[in-house]
Structure formats: structure tokens, C-alpha cells
Colleague: 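My questions all concern the structure below.
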Amino acid sequence: QVQLVESGGGLVQAGGSLRLSCAASGRTFSSYIMGWFRRAPGKEREFVAAISRSGRSTVYADSVKGRISISRDNAKNTVYLQMSSLKPEDTAVYYCAARVGRIEVGNYDYWGQGTQVTVSS
């Protein structure tokens, strides 16, 4: 089992940047596929990005390609989401998640509590 804690959210102007972090507990972080999801007001949770156990493979939602980058540091048990050229429609609660098995856009086993990102126009 793994516990996940997100940080780094906040208020940013459109066009700005933020880096979210997700710290994981436990000694088996490197055995998990890690993903980021978001839930905008009034909308369902959606997939944002995922990264393989080694960090060599990544997957992104079409809506964020070119603006968002996922990375991980297995020595620090942390996964990151670097966001740039932010838009008001990126406003959401961002969640970190972990799963075993293959890199996927759904069916994650463990979730963090979320961190709010608000992009002002």
C-alpha cells in the first residue's frame, strides 16, 4: 500500500506556471505507475498524465500535451507535474494516483487528497 500527498497548488494567472508534487510513503514507490488526474468544478474527474515505473515512458491527455510534463524521482519517492501556459480551463483539483501493472489512463488503486489549482484570466 502507498499513501500519497500532493502539494504545490495555488492561484496563478493565465499563461503562468506551477509545479505540483506528490510525495509517496513506503519503500516500493518505484514499483507503481504514477498518474495525475483533475476534477474541474461541475465536471467528472479526468486523466491528465501518467508515467512508467522507470520514468522513461509517459502518457498525456490531448488537452494538456505540450503544456504539461510529468516526471518522477524514485530516490525521493516523488512524482511531479510541471504545468505551463496555464489556462482558466485548467482550474481544478489535481489528484495524484498510483497503480500496479501497466501504464494506463484509468483504474488506479491509490489516491491522494488533491490540491487546488486556480487559473485566473
Side-chain angles (χ1 to χ4, degrees):
Q1 193 167 356
V2 60
Q3 284 77 47
L4 305 171
V5 179
E6 302 95 335
S7 61
L11 174 64
V12 62
Q13 288 188 332
S17 299
L18 273 178
R19 188 176 81 157
L20 306 183
S21 299
C22 173
S25 65
R27 295 175 289 179
T28 59
F29 175 73
S30 60
S31 66
Y32 292 97
I33 301 295
M34 299 301 298
W36 285 95
F37 293 74
R38 67 186 182 186
R39 187 192 302 271
K43 296 186 177 182
E44 293 191 353
R45 187 174 59 199
E46 65 174 352
F47 169 79
V48 175
I51 189 166
S52 64
R53 286 179 288 273
S54 67
R56 286 193 287 265
S57 297
T58 56
V59 177
Y60 295 95
D62 289 342
S63 59
V64 303
K65 280 181 180 176
R67 301 188 298 117
I68 287 180
S69 176
I70 187 171
S71 61
R72 68 190 295 163
D73 186 336
N74 287 339
K76 295 182 178 179
N77 282 11
T78 302
V79 62
Y80 305 98
L81 192 70
Q82 179 68 49
M83 305 187 292
S84 60
S85 301
L86 284 164
K87 305 174 183 180
E89 51 264 43
D90 293 317
T91 294
V93 177
Y94 283 72
Y95 299 90
C96 171
R99 74 183 305 275
V100 296
R102 303 188 307 174
I103 191 169
E104 298 280 357
V105 301
N107 297 317
Y108 280 67
D109 303 303
Y110 305 101
W111 294 85
Q113 83 290 349
T115 186
Q116 176 71 47
V117 172
T118 303
V119 184
S120 63
S121 57

Colleague: Indicate the atoms forming the closest heavy-atom contact of Ser71 with Ile51, along with that distance.
Modeller: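 Distance-wise, the nearest heavy atoms are CA-CD1, 3.5 Å.
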
Colleague: Before you tell me yes or no, could you show the steps for Arg53 and Ser30 under side-chain contact (heavy atoms from CB on, under 4.5 Å), namely the whole-Å CA-CA distance, both residues' side-chain angles and the distance that decides it to 0.1 Å?
Modeller: CA-CA 5 Å; Arg53 286 179 288 273; Ser30 60; 5.7 Å; no

Colleague: Between Ile33 and Glu104, is a side-chain contact (heavy atoms from CB on, under 4.5 Å) present by the stated rule, with each step listed?
Modeller: CA-CA 8 Å; Ile33 301 295; Glu104 298 280 357; over 6 Å; no

Colleague: Report the C-alpha separation of Trp36 and Met83 in whole Å, then their side-chain angles, then the decisive distance to 0.1 Å, and conclude whether the side-chain contact (heavy atoms from CB on, under 4.5 Å) test is met.
Modeller: CA-CA 12 Å; Trp36 285 95; Met83 305 187 292; over 6 Å; no

Colleague: A side-chain contact here means heavy atoms from C-beta on lying under 4.5 Å apart; do Asn107 and Arg99 qualify?
Modeller: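 In short, these two side chains touch, coming nearer than 4.5 Å.
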
Colleague: Tell me the closest heavy-atom pair linking Cys22 and Leu4, and the distance in Å.
Modeller: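 Nearest heavy atoms, Cys22 then Leu4: SG-CB, 3.9 Å.
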
Colleague: Any chance you could measure Asp90, atom CG, to Thr118, atom OG1, to the nearest 0.5 Å?
Modeller: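 Atom-to-atom, Asp90:CG and Thr118:OG1 are 11.0 Å apart.
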
Colleague: Mind checking what makes side chain to side chain donor-acceptor pair (under 3.5 Å) contact with Ser25, not counting sequence neighbours?
Modeller: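 Only Gln3 meet the side chain to side chain donor-acceptor pair (under 3.5 Å) criterion with Ser25.
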
Colleague: Within this structure, what is the OH-CZ distance for the pair Tyr95 and Arg39, rounded to the nearest 0.5 Å?
Modeller: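 If we round to the nearest 0.5 Å, Tyr95:OH and Arg39:CZ are 5.5 Å apart.
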
Colleague: Can a donor-acceptor pair be found, under 3.5 Å and without considering hydrogens, that links the side chain of Ser21 to the backbone of Tyr80?
Modeller: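 No, because the side chain of Ser21 does not come within donor-acceptor range (under 3.5 Å) of the backbone of Tyr80.
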
Colleague: As an exercise, state the distance from NZ of Lys87 to OG of Ser121, rounded to the nearest 0.5 Å.
Modeller: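 Reported to 0.5 Å precision, the distance equals 14.0 Å.
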
Colleague: Please list, chain by chain and in numerical order, all residues satisfying ring-ring contact (aromatic ring centres under 6.0 Å, His included) with Phe29, sequence neighbours excluded.
Modeller: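 Checked Phe29 against ring-ring contact (aromatic ring centres under 6.0 Å, His included); zero matches.
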
Colleague: Are Trp111 and Val105 joined in one hydrophobic group, where the rule is that I, L, V, M, F, W and Y side chains link up if heavy atoms are under 4.5 Å apart?
Modeller: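 Yes; Val105 is reachable from Trp111 via cluster members.
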
Colleague: In this structure, would Val2 and Phe37 fall into the same cluster of hydrophobic residues linked by side-chain contacts under 4.5 Å?
Modeller: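 Different hydrophobic clusters.
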
Colleague: With clusters defined by side-chain heavy atoms of hydrophobic residues (ILVMFWY) lying less than 4.5 Å apart, directly or transitively, does Met34 cluster with Val117?
Modeller: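 Val117 clusters together with Met34.
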
Colleague: Run through the side-chain heavy atoms of Ile, Leu, Val, Met, Phe, Trp and Tyr, join any pair under 4.5 Å, and report what else lands in Leu11's cluster.
Modeller: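 Once heavy-atom contacts under 4.5 Å are chained together, Leu11 still belongs with nothing else.
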
Colleague: Report yes or no: does Arg72 contribute a side-chain atom to a donor-acceptor pair with the main-chain N or O of Gly55 at less than 3.5 Å?
Modeller: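 It does not hold such a pair.
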
Colleague: Is the backbone of Thr91 close enough, under 3.5 Å, to the side chain of Arg38 for a donor and an acceptor to pair up by distance?
Modeller: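 Checking the backbone N and O of Thr91 against the side chain of Arg38, no donor-acceptor pair under 3.5 Å is found.
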
Colleague: Quick one: side chains of residues 57-65, donor-acceptor pairs under 3.5 Å with protein atoms, not counting sequence neighbours, listed by atom name and distance.
Modeller:
{"residue": "Tyr60", "atom": "OH", "partner": "Ile70", "partner atom": "N", "Å": "2.9"}
{"residue": "Asp62", "atom": "OD1", "partner": "Lys65", "partner atom": "NZ", "Å": "3.2"}

Colleague: List the atom of Ala14, the atom of Pro88, and the distance in Å for their closest heavy-atom pair.
Modeller: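 Closest approach of Ala14 to Pro88, heavy atoms only: CB-CD, 4.1 Å.
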
Colleague: Between Leu86 and Leu18, what is the shortest heavy-atom contact and its length?
Modeller: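 Answer, listing the atom of Leu86 first, then Leu18: CD1-N, 4.0 Å.
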
Colleague: Quick one: list whatever passes side chain to side chain donor-acceptor pair (under 3.5 Å) with Asn77, sequence neighbours left out.
Modeller: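 Counting only residues at least two positions away or on another chain, Asn77 forms no side chain to side chain donor-acceptor pair (under 3.5 Å).
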
Colleague: Check whether any side-chain heavy atom of Ile68 lies under 4.5 Å from a side-chain heavy atom of Leu81, and answer yes or no.
Modeller: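 Answer yes - side chains close enough.
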
Colleague: Show me the pairs that pass disulfide bond (SG atoms under 2.5 Å apart) and involve residues 39-93, at least two apart or across chains.
Modeller: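 Every candidate disulfide bond (SG atoms under 2.5 Å apart) pair involving residues 39-93 fails, so no pair, neighbours aside, qualifies.
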
Colleague: Please check if the side chain of Glu6 supplies one atom and the backbone of Gln113 the other of a donor-acceptor pair under 3.5 Å.
Modeller: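 Answer holds: yes.
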
